[in-house]
Structure formats: C-alpha cells, structure tokens
Amino acid sequence: MIQLIRGFKDILPGEVELWQHIEAVARALFADFGYREIRVPLVEKTVLFSRGIGEETDIVEKEMYTFPDRQGETITLRPEATASVVRAYIQHKYYAADPMQKFFTIGPMFRRERPQKGRYRQFYQINVEALGIAEPFIDVQLIHLLVTLLGRLDVTDATPHINSLGCPQCRPFFRDALLAYIEARQDLLCSDCRRRSRRNPMRVLDCKVPGCREAMAGAPAITDHLCDDCRAHFDTVRDRLAAMGIDYEVDKRLVRGLDYYTRTTFEIHTAALGAQSAVAGGGRYDGLVEMLGGPPTAGIGFAVGFDRLAEIVALQQKDYSRPPRLFIAALGPAAQTAAFGWQTALGLAGIPVEMDYADRSLKAQMRRADRLNAANVLIVGDNELAAGEAMLRHMASGDQVPVGLAGLVETLKTRLAAAGG
RNA sequence: GUGGGUGUAGCUCAGUUGGUAGAGCACCGGGUUGUGGCCCCGGUUGUCGUGGGUUCAAGUCCCAUCACUCACCCCA
C-alpha cells in the first residue's frame, strides 16, 4: 500500500463540506468589504521567500521545500502567501494605476515541520492583504474582519491580542534596551533564548519557559519606546477598536516570526487546540514592497490557519452534509432501468437522487438509503413504473415532495414511527 | 531537529507466565416482517505496522526501522 507523505493529509468527503462552508463565509465577508480574490502560484523562486521572510528565520533556514528544477534554478513550495501577493502586486504594477489594493487568497502552504495537532506540512491559509494603505483605519478593518469571520463561524473564545513592533526608526532603540536587559540576565535564560538573543532578541519575549518568563517580566516594552508616529498610529488603532466595540488585549510579548512585520501586529488564540493555540495572526509590513523591488508602499495582512479553524468549527458538530433528496429502491430489472432514467432527469433538474445500481434486496437498498441519510425513499417494482413516473413529474416540477403518493413514498422517519418504534 | 505515548479486521478494541487470531459495530446473504427499523441464523474481512533476533514455538520478549499521536521548537 502506498501511503500519503508524512505531515500531509486527505480532506475526505464529510469534512470537505465544512471546509466549503468556512470558505463561503470568508469569501462573502471579504467581498462585502471590497477585497478581491487573487490566486498566486504554489511555487516561486526561492529568493522571493528568503528575501521576503528573512534569511535568518526558521522558515527559511530549515522548513522550506526547496529544490532545483530541471534547468537548475532553485524553486520553493510557498511557505506563506504574503510574499507572493506582494510579488504579484509589484510585477503587475498595481502601484502605478491605483496603489490601494485589497486582496484575499485561500490555498495550501508548505513547511517541513514536525507534524502535530493542528500542524501539517501542507496546511491551508486564508490570507487577506491590503497594499498601499498606511492609515490605521485599515489595521482596524482587518482586525474587525477577523473577529467578524470567527464570529460568523460561531467561534466564541477568540479575543484579538495586539501589539506594535515599531518601525525602522524606533525599533533599534528598543532593541538596544532589550538587549541590555537580556544580557544582564543571561544566566536566568534557557539555552534557546541565549542563542536567539543575539539574532532576534524580541523572540525571547515570548519564550514559554517559566524561568525565562520570570526573568523577562520586567523587560522593557516596545510600546514604551515607540516614536511619535508609531505611537500615534497604535493609539488610533486602539481607539477605533474600542469605538467599534471590539474587545482586545494589548500583549507586549506579542512578536512575530517573520522579519517583515512593522507597527501593528495581532494574533487570535483559542484554547480548543492545545499547544497550537494561534488560529490567526497578522500585522503591518510597511517595508516589504520596497524590499521586494517595488516603490515604498504600506502593507498589512493576516493569515488564518484553515486547518486549525476547521478543527475548531468541527467541534460544534454541525452537519454540513447534503444528503440525497430521494433514494429510489428499485426492485427488478425494468424498475432499475426506469430508476436510472429518473435519477438522471432529477439530477439534471437539480435534485440529488441516489439509487443502488444493482438489483439488490429491498432490505439492502433500504439500509443504504438509511446510511446515506436520504430524505425520502421511493420503492418501486417492475409493475409500478407509472406511479414512479408520476412521482418524477412531481419532484421535477417543484420543491414539494408529495408524501405518500400511491403509497410509494414516505419519509423514512414517518415510516419508522408508523412501524411502532 | 529533541522527547513521551501508540501501532491487532473497514471502525472501536480484547488477546493470560510465549503455545495455530478474537469480540462488538459495520458490511454481505438469509429468516421474521405490512418486501424496511427491532429480533434470529449464517458469511466475508487480518503479511498482528515493517525487518531482523531469541526460542521447539513470538501478536506477546529483545533490537532496529517506519507510521500515527502529543509536547518542545517554530508558526497560522
């Protein structure tokens, strides 16, 4: 038997309907706010990600699926979507005609991590990106969209955590202050933190090791070191969120793993998935367009972890399946032939109908109708084809299923109840 | 990359100090029935994850390996 690759998974019928539901809710919401779908390739030149995400991130250093194609060029399965969307924005010169562009995209990403709950090597994200809008309104809108999306999916325990990472003007001052603080407490930190303190001291802030948390409790907060512009931006975001009635928490430990983030960052966590608690996250990346070769352009976006979101929504145990409206239990060769014709006609009329393609016992066919959760069952023998035709006309002409037509059709539940439980 | 747990039928699992592989559900056929639920009878399904080793004998003990899973790490 050939098995699928470690960390990859099948999304089977039954689960797919839930994914479709989530997608439909997301698409409708984004469309209502003027976000347009963009579909970008799954494979890009490696340099797009190494430059966009950051050479020294874990993603680029050890998690990307990178390989040479036949001509020897090094290409990579996309580990995230933002870099590709920004690349498309630059390549198609959106900045020239109208720099303000709002996109969304939904699709698979690839990272070679060790699989665990809510984490796969091929995972799906819902991405929203807004380019060319520097004003804090858009930060607020994205957080609002995220909260609304989760709300419409009945995800309740989701509060946005927000922070500001500052900008290239003010972050160096904070970084210095943080480094000084960390260096004074080197021996209190775990080995991971001592290692990463040099390269990315901000990551020490969100280390989960108790000793580190303790040692970092009094660490300087980025929000105390923001320049005037960044401070004003962050204050406006907070004011507008409050004005919209969105509950949020300022989390000064909130830093993000990708190098391109600036100013506003946000995450949404949930307790439903154990350690993989982040279900969505995003932030502003005002330098990224320029870094990838475009003109200086503001940018902000978020990603929703689709797999995790689907697992959370699945906990609600709602039924998104679309069972057949009718099951035709045909007894005898003539009835089978007629039933096949009816299934075709009703299917073309938009009414999903199931049947056994084999002339099996009524018991076997009824079991299958039950398993498929068919709304109605038509039992028809070789001598009852005329009644079946009448049934067909009724169903094809309107939504109403005539119950009890010639005694042939009844809902399963009615029949079972009549049989006396 | 590191650590823990788990691998036996389609599913959930049992399997004693090592002695020829089991149950329930599901599936298929039949009986009963107002041709169906319930009930009754019968039947199919396994390279016991894989490969080695110990042994007269391994699902069981040992080693390796793979997969799944949870956590670390990282991230959404």
Side-chain angles (χ1 to χ4, degrees), chain A residues 1-9 53-54 56-64 79-82 106-128 146 150 158 161 190-193 195-196 200 203 206-209 212 254-258 261 265-270 273-283 301-312 327 329-332 335 356 358 360-371 374 377-381 384 407-408 410-421:
Chain A
M1 181 179 62
I2 300 171
Q3 289 189 50
L4 48 60
I5 305 170
R6 180 174 168 77
F8 289 68
K9 68 168 181 178
I53 297 170
E56 305 217 314
T57 59
D58 278 12
I59 293 175
V60 172
E61 276 186 347
K62 47 196 184 193
E63 293 175 0
M64 294 203 303
E80 57 116 48
T82 302
I106 301 175
M109 312 294 157
F110 303 85
R111 291 182 200 173
R112 202 182 179 290
E113 301 177 274
R114 186 86 170 256
Q116 74 185 72
K117 191 178 189 61
R119 191 173 79 181
Y120 307 92
R121 289 180 172 182
Q122 176 176 332
F123 60 102
Y124 293 77
Q125 283 189 342
I126 301 171
N127 278 264
V128 169
L146 209 38
L150 294 175
H161 291 221
C190 68
S191 55
D192 281 331
C193 283
R195 171 179 53 78
R196 64 187 156 204
N200 198 345
R203 291 229 68 86
D206 70 346
C207 181
K208 283 139 199 117
V209 175
C212 295
L254 176 57
V255 299
R256 317 233 65 237
L258 281 51
Y261 284 109
T265 61
F266 49 94
E267 273 182 11
I268 292 186
H269 291 253
T270 167
L273 285 182
Q276 300 299 306
S277 60
V279 70
F302 68 71
V304 179
F306 205 137
D307 311 73
R308 294 180 187 177
L309 180 58
E311 286 179 36
I312 294 167
F327 187 97
L331 305 170
D356 260 13
R360 300 197 300 160
S361 71
L362 179 61
K363 181 191 242 177
Q365 296 196 50
M366 291 306 294
R367 275 186 188 161
R368 184 141 180 278
D370 214 2
R371 209 181 321 132
V377 178
L378 168 62
I379 303 168
V380 59
E384 300 162 311
L408 290 173
E410 297 173 34
T411 67
L412 268 181
K413 279 183 184 149
T414 307
R415 288 197 74 123
L416 291 178

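These figures come from a predicted structure and were not determined experimentally. Within every chain, numbering begins at 1; the chains are lettered A, B, ... in the order of the sequence lines, protein sequences first and strands thereafter.
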Using atom P of each nucleotide, how far apart are B:rU8 and B:rG15 to the nearest Å?
-> 14 Å
Determine the contact category for A:G7: base if any of its heavy atoms lies under 4.0 Å from a base atom, sugar-phosphate if only primed atoms, P, OP1 or OP2 are that close, otherwise nothing.
-> sugar-phosphate
Is there a side-chain contact (heavy atoms from CB on, under 4.5 Å) between A:D307 and A:K9 once you walk through the steps?
-> CA-CA 11 Å; A:D307 311 73; A:K9 68 168 181 178; 3.5 Å; yes
Between A:V304 and A:S361, name the one whose nearest nucleotide on RNA chain B is closer to the 5' end.
-> A:S361
Is the backbone N or O of A:P115 less than 3.5 Å from a side-chain atom of A:R121, with the two atoms forming a donor-acceptor pair by type?
-> no
CZ on A:F110 to OH on A:Y120, rounded to 0.5 Å | 15.0 Å
Round to the nearest Å and state the distance from A:M366 atom CE to B:rU35 atom P.
-> 12 Å
Of all residues at least two apart in sequence or in a different chain, which pass the ring-ring contact (aromatic ring centres under 6.0 Å, His included) check with A:Y124?
-> A:W19
May I ask you to decide if the ring planes of A:H269 and A:H161 are parallel, tilted or perpendicular, using 30° and 60° as cut-offs?
-> tilted
Which part of the nucleic acid, if any, lies within contact of A:L331, taking any heavy atom under 4.0 Å across all strands shown: a base, the sugar-phosphate backbone alone, or nothing?
-> base
Is there a donor on the side chain of A:R371 or the base of B:rC27 sitting less than 3.5 Å from an acceptor on the other?
-> no
Taking atom P in both B:rA14 and B:rC56, compute the distance separating them and give it to the nearest angstrom.
-> 31 Å
Rounding to the closest angstrom, what is the interatomic distance between B:rU54 and B:rG10 at atom C1'?
-> 35 Å
C1' atoms of B:rG7 and B:rU50, separation to the nearest Å = 11 Å
Please round to the nearest 0.5 Å and tell me the distance separating atom CZ of A:F302 and atom CD1 of A:I268.
-> 8.5 Å
A:T270 side, atom OG1; A:L150 side, atom CG - distance, nearest 0.5 Å = 9.0 Å
Could you go through nucleotides 39-47 of chain B and list every protein N or O atom that sits under 3.5 Å from one of its N or O atoms, giving the distance for each pair?
none

Select base, sugar-phosphate, or nothing to describe what A:E80 touches, counting heavy atoms under 4.0 Å on all strands.
-> nothing
Rounded to the nearest Å, what distance is computed from the CD atom of residue A:Q3 to the P atom of nucleotide B:rU69?
-> 11 Å
Mind running side-chain contact (heavy atoms from CB on, under 4.5 Å) on A:Q365 and A:F327 for me, showing each step along the way?
-> CA-CA 9 Å; A:Q365 296 196 50; A:F327 187 97; 4.1 Å; yes
For A:R368 and B:rA26, what is the distance between atoms CZ and P respectively, to the nearest whole Å?
-> 17 Å
Of B:rU35, B:rA76, B:rA67, the nucleotide closest to the side chain of A:E113 is B:rA76
Report yes if some heavy atom in the side chain of A:I59 is under 4.5 Å from a heavy atom in the side chain of A:E80; otherwise report no.
-> no
For A:F8 and B:rU69, give me the distance from atom CZ to atom P, rounded to whole Å.
-> 14 Å
Do A:L4 and A:Q122 come close enough that some side-chain heavy atom pair is under 4.5 Å?
-> no
For RNA chain B, which ranges pair as stems of 3 or more consecutive Watson-Crick or G-U pairs, with both donor-acceptor distances under 3.5 Å?
-> B:1-7 with B:66-72, B:10-13 with B:22-25, B:27-31 with B:39-43, B:49-53 with B:61-65
What integer distance in Å separates A:D58:CG from B:rU2:P?
-> 15 Å
What distance, rounded to whole Å, do you find between the two P atoms, one in B:rG19 and one in B:rC39?
-> 35 Å
Partner of A:R119 by salt bridge (charged side-chain N to carboxylate O under 4.0 Å, His left out), out of A:E63, A:E113, A:E311 = A:E113
Just how far, in rounded Å, is C1' of B:rC75 from NZ of A:K62?
-> 12 Å
Can you tell me how far P in B:rC48 sits from the matching atom in B:rG59, rounded to whole Å?
-> 8 Å
When you compare B:rG49 with B:rU16, how far apart are their P atoms, in angstrom units rounded to a whole number?
-> 14 Å
Side chain of A:Q116, base of B:rC73: donor and acceptor closer than 3.5 Å?
-> yes
Touch class at under 4.0 angstrom, heavy-atom based, for A:A329 against every strand present = nothing
Examine distances only and state if a side-chain atom of A:R308 and a backbone atom of A:G118 form a donor-acceptor pair shorter than 3.5 Å.
-> yes
P atoms of B:rU44 and B:rC28, separation to the nearest Å | 16 Å
Point-to-point distance, once rounded to the nearest 0.5 Å, from CZ of A:R367 to NZ of A:K363 | 5.0 Å
Atom CZ of A:F266 and atom P of B:rC75: how far apart are they, to the nearest Å?
-> 16 Å
Check each residue of residues 117-124 of chain A for a non-hydrogen atom within less than 4.0 Å of any atom in RNA chain B, then write out the ones that pass by number, or none.
-> A:K117, A:G118, A:R119, A:F123
Between atom NZ in A:K9 and atom P in B:rA67, what is the gap in whole Å?
-> 18 Å
What do the steps show when you test A:I53 against A:T82 for side-chain contact (heavy atoms from CB on, under 4.5 Å), and what is the final call?
-> CA-CA 9 Å; A:I53 297 170; A:T82 302; over 6 Å; no
Can you check side-chain contact (heavy atoms from CB on, under 4.5 Å) on A:D58 and A:E61, steps first, answer last?
-> CA-CA 5 Å; A:D58 278 12; A:E61 276 186 347; 4.2 Å; yes
Quick one: label A:V279 by what it contacts on the DNA or RNA (base, sugar-phosphate, nothing), any heavy atom closer than 4.0 Å.
-> sugar-phosphate
Under 3.5 Å, which N/O atoms of the protein pair with N/O atoms of nucleotides 4-6 of chain B?
none

Please list, chain by chain and in numerical order, all residues satisfying salt bridge (Lys or Arg N to Asp or Glu O under 4.0 Å) with A:R111, sequence neighbours excluded.
-> none
Between A:G305 and A:R112, which is nearer to the 5' end of RNA chain B once each is assigned its nearest nucleotide?
-> A:R112
Residue A:R111, side-chain atoms from C-beta onward, closest of B:rA76, B:rA67, B:rC70 = B:rA76
